[in-house]
Amino acid sequence: MPSLKKILHFMFSALVTAISIGILGFAMSAQWSTTTVECSTLGSVLFNGSAVLKMGLFSGHAERISCPRFGGDADFMVFPKLVETAGAPVILHGLVLGLLSLCLLCSACSILISLYNSVSNPYETYMGPVGMYACSSLSACVAVVVLILYVVNLLATAMVEDVVQSFAANIPAEMRNKRAEMHVGFYLLIPYIVLSLVAIALIYTYDHAAYTQRKEQQRPTEDAPKEIMMY
């Protein structure tokens with residue numbers, strides 16, 4: 001039977017990871033960005049139109065003012081719309097969704113391992129602290145990659161321009177001065193990463209203390225008094 005100290009450390013680790021999953025789930029359903037571009041008809045030097053693209057991971061909203069000639073508002077599903085435009089944006093967005101799903105899976109595995117360790121002692125196997133370290137650190141690292149990929153897809157590709165053009169009724173448009181603002185869905189990945197690291201720290205503090213205690217109990221005989229060694 002595990003000690004009370006071990007039970008508390010692993011239970012708190014499972015609780016912290018469960019909170020991080022809740023945060024990630026909310027982040028995936030929230031808005032991630034708002035992007036604004038100036039717009040004109042192709043070949044014109046007068047950029048008197050604009051478009052605002054509000055996007056989450058699954059749904060979005062486009063607002064156009066004289067972009068390129070007419071305006072209008074439209075809701076859309078992000079992934080199907082990116083499939084229509086094709087190219088690198090749909091691949092990067094698919095990677096973002098896939099990696100976030102991997103984060104959820106790793107965090108769930110971390111919870112299961114922590115709960116299992118709170119009632120048993122699989123210390124030398126992958127179901128011990130090593131498995132928990134692997135799952136939580138992988139989820140944190142993957143979340144960092146997601147942040148980078150999303151920003152790259154938003155600013156370094158033509159995703160926004162392609163989506164706006166798809167609403168332009170086959171009228172070629174030219175866009176410039178793209179500006180992006182990140183929102184709560186994007187920034188919530190930061191506390192998710194922090195909580196994943198906190199879960200690792202909780203297990204590490206127990207693991208390190210237990211290792212130190214075992215080393216003290218296994219001190220070599222040369223540390224014993226000479227009177228004892230004579231017998």
**Student:** Heavy atoms, side chains only, cut-off 4.5 Å: are M175 and V164 in contact?
**Tutor:**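 Contact flag for M175/V164 side chains = yes.
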
**Student:** Whether the side chain of T85 engages the backbone of L82 through a donor-acceptor N/O pair (distance < 3.5 Å, no angle test) should be reported.
**Tutor:**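 Such a contact is found between T85 side chain and L82 backbone.
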
**Student:** Taking the six-membered ring where the residue is Trp, are the ring centres of F167 and F76 under 6.0 Å apart?
**Tutor:**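 Ring-ring flag for F167/F76: true, centres closer than 6.0 Å.
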
**Student:** Among pairs that include at least one residue of residues 149-171, which meet salt bridge (Lys or Arg N to Asp or Glu O under 4.0 Å), considering only residues two or more places apart or in two chains?
**Tutor:**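 For residues 149-171, and leaving out neighbouring residues, the salt bridge (Lys or Arg N to Asp or Glu O under 4.0 Å) pairs sorted by first residue read E161-K178.
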
**Student:** Could you grab the distance from atom CG of N117 to atom CZ of F10, nearest 0.5 Å is fine?
**Tutor:**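 N117 CG to F10 CZ: 4.0 Å, rounded to 0.5 Å.
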
**Student:** Evaluate the criterion side chain to side chain donor-acceptor pair (under 3.5 Å) for residue pair S33 and H183; output intermediate values, then yes/no.
**Tutor:** CA-CA 5 Å; S33 63; H183 292 299; over 6 Å; no

**Student:** For S114 and M11, what are the C-alpha separation, side-chain angles and deciding distance, and is it a side-chain contact (heavy atoms from CB on, under 4.5 Å)?
**Tutor:** CA-CA 7 Å; S114 295; M11 289 295 289; over 6 Å; no

**Student:** Decide yes or no for L97 and F58: does some side-chain heavy atom of the first lie under 4.5 Å from some side-chain heavy atom of the second?
**Tutor:**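 Counting from C-beta outward, L97 and F58 do come under 4.5 Å.
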
**Student:** So if you build clusters from Ile, Leu, Val, Met, Phe, Trp, Tyr with side-chain heavy-atom gaps below 4.5 Å, do I200 and L112 land together?
**Tutor:**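 Cluster IDs for I200 and L112 differ.
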
**Student:** Should Y150 and M55 be marked as a side-chain contact (heavy atoms from CB on, under 4.5 Å) after you check the CA-CA gap, both sets of side-chain angles, and the distance that decides it?
**Tutor:** CA-CA 11 Å; Y150 189 82; M55 289 182 60; 4.1 Å; yes

**Student:** Considering only the SG atoms, does C135 lie under 2.5 Å from C109?
**Tutor:**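 No, C135 does not link to C109 through a disulfide.
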
**Student:** Check the hydrophobic clustering (I, L, V, M, F, W, Y; side-chain heavy atoms under 4.5 Å; chains of links allowed) and say if L53 and I65 are grouped together.
**Tutor:**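 As far as the 4.5 Å side-chain criterion goes, I65 and L53 are not connected within one cluster.
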
**Student:** Which atoms form the tightest heavy-atom contact between L57 and L100, and what is the distance?
**Tutor:**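 For L57 versus L100, the nearest heavy atoms are CD1-CD1, 3.4 Å.
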
**Student:** Work out which heavy atom in H93 is nearest to a heavy atom in F79; give both atom names and the distance.
**Tutor:**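 So the two residues come closest at CD2-CD1, 3.9 Å.
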
**Student:** To the nearest 0.5 Å, what is the distance between CD1 on I193 and CG on L24?
**Tutor:**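 Reported value, rounded in 0.5 Å steps: 10.0 Å.
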
**Student:** Parallel, tilted or perpendicular for F186 and W32, by the 30°/60° rule?
**Tutor:**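 Perpendicular.
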
**Student:** When you measure from the side chain of E38 to the backbone N and O of G49, does any donor-acceptor pair fall under 3.5 Å?
**Tutor:**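 Pair absent, no side-chain N/O of E38 close to backbone of G49.
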
**Student:** Quick one: list whatever passes side chain to side chain contact (heavy atoms under 4.5 Å, CB included) with I19, sequence neighbours left out.
**Tutor:**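 Checked I19 against side chain to side chain contact (heavy atoms under 4.5 Å, CB included); matches are L15, I23, L195.
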
**Student:** Between L189 and G185, which heavy-atom pair has the shortest distance, and what is it?
**Tutor:**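 Looking at all heavy atoms of both residues, the shortest contact is CD1-O, 3.7 Å.
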
**Student:** Using a 3.5 Å distance criterion without hydrogens, assess whether the side chain of T157 forms a donor-acceptor pair with backbone atoms of N153.
**Tutor:**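 It does hold such a pair.
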
**Student:** Looking at residues at least two apart in the chain, or sitting in another chain, which of them share a side chain to side chain contact (heavy atoms under 4.5 Å, CB included) with I171?
**Tutor:**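 Partners of I171 by the side chain to side chain contact (heavy atoms under 4.5 Å, CB included) criterion, ordered by chain and then number, come out as P68, R69, F70.
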
**Student:** Is there a chain of hydrophobic side chains (I, L, V, M, F, W, Y, each step under 4.5 Å between heavy atoms) that links V194 to F26?
**Tutor:**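 Hydrophobic grouping puts V194 with F26.
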
**Student:** Hey, could you give me the CD1/OG distance between I21 and S107, rounded to the nearest 0.5 Å?
**Tutor:**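 Nearest 0.5 Å value for the CD1-OG distance: 5.0 Å.
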
**Student:** For residues Y187 and M182, report the shortest heavy-atom separation together with the two atoms involved.
**Tutor:**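 Nearest heavy atoms, Y187 then M182: CE1-O, 3.3 Å.
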
**Student:** Is V52 reachable from M77 through a run of hydrophobic residues whose side-chain heavy atoms are each under 4.5 Å from the next?
**Tutor:**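 No, it is not one cluster - the side chains of M77 and V52 are not joined through contacts under 4.5 Å.
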
**Student:** Is any side-chain heavy atom of K81 closer than 4.5 Å to one of S166?
**Tutor:**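 S166 vs K81: side chains touch.
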
**Student:** If you compare all heavy atoms of A140 against all heavy atoms of L197, which two are closest, and at what distance to 0.1 Å?
**Tutor:**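 Looks like CB-CD2, 4.2 Å.
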
**Student:** Search all heavy atoms of V90 against all heavy atoms of G87 and return the closest pair with its distance.
**Tutor:**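 The pair with the smallest heavy-atom distance is CG1-O, 3.1 Å.
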
**Student:** So, Y192 side chain and C103 main chain: donor-acceptor pair closer than 3.5 Å or not?
**Tutor:**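 Yes; judged by distance alone, with no hydrogens or angles, the pair exists.
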
**Student:** Is any side-chain heavy atom of S196 closer than 4.5 Å to one of T17?
**Tutor:**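 No. Closest side-chain heavy atoms not under 4.5 Å.
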
**Student:** Do S50 and V37 have side-chain heavy atoms sitting under 4.5 Å apart?
**Tutor:**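 When only atoms from C-beta onward are counted, V37 and S50 do not touch, as no gap falls below 4.5 Å.
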
**Student:** Hey, mind stepping through V163 and E84 against side-chain contact (heavy atoms from CB on, under 4.5 Å) and telling me if it holds?
**Tutor:** CA-CA 9 Å; V163 171; E84 290 179 18; over 6 Å; no

**Student:** Test V184 against Q31 for side-chain contact (heavy atoms from CB on, under 4.5 Å), laying out the working first.
**Tutor:** CA-CA 7 Å; V184 62; Q31 184 176 333; 5.6 Å; no

**Student:** At what distance, to the nearest 0.5 angstrom, does CG of L138 lie from CG of L105?
**Tutor:**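 Those atoms lie 9.0 Å apart.
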
**Student:** Between S136 (side chain) and Y133 (backbone), is there a donor-acceptor pair under 3.5 Å?
**Tutor:**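 Between the backbone of Y133 and the side chain of S136 there is no qualifying donor-acceptor contact (under 3.5 Å).
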
